[in-house]
2 protein chains.
Amino acid sequence: MNETRPVTRIQQKNRATILDAALDVFSQRGFGGATVDQIAATAGLSKPNLLYYFPTKEAIYEALLGGLLDTWLDPLRAMKSSGEPLPEILAYVQRKLEMSRDFPRESRLFANEIIQGAPLIENELSGALRDLVDEKAEIINQWADEGRIARVNPHHLFFSIWSLTQHYADFDVQVRAVLGEGVDDPFPEAQVYLTTLFTRMLTPS
Amino acid sequence: MNETRPVTRIQQKNRATILDAALDVFSQRGFGGATVDQIAATAGLSKPNLLYYFPTKEAIYEALLGGLLDTWLDPLRAMKSSGEPLPEILAYVQRKLEMSRDFPRESRLFANEIIQGAPLIENELSGALRDLVDEKAEIINQWADEGRIARVNPHHLFFSIWSLTQHYADFDVQVRAVLGEGVDDPFPEAQVYLTTLFTRMLTPS
DNA sequence: TATCTTTTTGACCATCTGGTCAAAGCGACG
DNA sequence: CGTCGCTTTGACCAGATGGTCAAAAAGATA
């Protein structure tokens, strides 16, 4: 008993296809608004076939969200107290902005989950996330103690980095509507703006 | 024909009750994830009774979203070129933050709509919203020309005000999870932080 | 009180939704 | 080739969902 069957190439491919399709659908309609049929159609599979790889709609959603928070926080983990304060922070901002540009669906999936009260990841938020943020907040405070950056509330500093960068993924439609036809890629402008913002706010007077 | 029936007191009360219940449900589950039964139950009405006041689920959603963008932009309209630049901008930030505190459901409803591609209000975004923002952007640029604030990209300045303030409504769960038990109201801290941020960024060097 | 309009409801319906199942198709391997 | 296990599918199901309708209840008005 408990025999582990090998994972075939077909399984690998189909699981990946399904998750990609589900990311499309969930990130656009939220969990409740998405249907298994939509995901199956997007993935190019029949519904029973899809349910052969994932037992339920929830299972697909959980599989997607599972690793997401971790991936999402990698850039923050990379912020080292040994580096120069301002460049470290600006590098974090830039990596986060790049993630918004390159993985907008993941950002929207995450936003949807949180807006709806984070029923699935609340534990991780007040666990792993909180611990990591507390740890990095220490570093920010230390840098301020040493006079290497201006003092700010470190937790709210992180909130501002998250909201400012993710805004360009989650509210993409609005950003483009307001900027109009003249701007086809808002991200270069955004990068300049955010660099200016954090530089001015954090440069010691 | 085309006789207009008067709006009774019962109609006023029930319509309001329904819209309030719908705001609860839509803001938490998104349009697709919400059901008419949930709204009816929240409003304390039977489903046919609810559908006596609004013909369809869509109609309720549209009624809610209808005036929302306008209300949402009132604080921006109040920003006057005749005032002192920095206080005008800080007042806008503060009013927007107050709206996040006092009307989080409206903020989430709006966020949901935009994340899902703004199918219902895209026209207003690239119409009324864009016009208003362009007009106010002029004022920002003028103030920068006169050396009364530091120069920034005005459109992205507005994006940053929106994202930073709305974050405290839309991502409330995350904010509270990260801040932990010690903080029961994040808004005072947020106000201090945002004031610092915009003051440092915009004060001419 | 009688009449007329507005409001409320139980019963109902077609469609959609998440999910099941038995059987058929298919590929690897001896 | 034949067998065995993995993959795919059409048909199906129970419950949820958006919405309808005729009739009953409740106001308003006189």
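Nothing here was measured: the structure is a model prediction, and the numbers come from that model. Here is how names work: the chains are called A, B, and so on, in the same order as the sequence lines, proteins then strands, and each is numbered from 1.
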Exercise. Looking at every strand, decide which applies to A:Phe54 at a 4.0 Å heavy-atom threshold: base, sugar-phosphate, or nothing.
Key: nothing
Self-check item: Greater than 12 external heavy atoms within 6.0 Å of B:Arg29's CZ
Solution: no
For a quick test of your reading: what N or O donor-acceptor pairs under 3.5 Å do the side chains of residues 110-125 of chain A make, sequence neighbours left out?
from	atom 1	to	atom 2	distance (Å)
A:Asn112	ND2	A:Ser27	O	3.3
A:Glu113	OE1	A:Tyr61	OH	2.6
A:Glu113	OE2	A:Leu120	N	2.9

Self-check item: CD (B:Glu138) with more than 12 external heavy atoms under 6.0 Å
Solution: no
Practice problem: Flag yes if more than 12 heavy atoms outside A:Glu98 fall under 6.0 Å of its CD atom; otherwise flag no. | Solution: yes
Practice problem: Look at all strands and tell whether B:Ala34 reaches a base, only sugar-phosphate, or nothing, counting heavy atoms closer than 4.0 Å. | Solution: sugar-phosphate
Exercise. With heavy atoms under 4.0 Å as the rule, sort A:Ile10 into base, sugar-phosphate or nothing.
Key: sugar-phosphate
Self-check item: Nearest-Å distance for atom pair OH/P, residues B:Tyr61 and D:dG18
Solution: 15 Å
Quiz item: Can you tell me if the side-chain N/O atoms of A:Gln11 get under 4.0 Å from OP1 or OP2 in D:dT7?
Solution: yes
Exercise. Report yes if at least one side-chain N or O of B:Asn14 is closer than 4.0 Å to OP1 or OP2 of C:dT6; otherwise report no.
Key: no
Quiz item: Toward the 5' end of DNA chain C, which comes first, B:Thr8 or A:Thr35, by nearest nucleotide?
Solution: B:Thr8
Pairs: protein N or O with nucleotides 9-15 of chain C N or O, under 3.5 Å:
from	atom 1	to	atom 2	distance (Å)
C:dT9	OP2	B:Ser46	OG	3.3

Quiz item: Taking everything shown except A:Phe103 itself, do over 12 heavy atoms lie less than 6.0 Å from its CZ?
Solution: no
Quiz item: How long is the line joining OH of A:Tyr53 and P of C:dG19, in whole Å?
Solution: 18 Å
Quiz item: Does any donor atom in the side chain of B:Tyr193 or A:Asn153 lie under 3.5 Å from an acceptor atom in the other side chain?
Solution: no
Quiz item: Want to settle it: does B:Lys57 or B:Arg9 sit nearer the 5' end of DNA chain D, counting the closest nucleotide to each?
Solution: B:Lys57
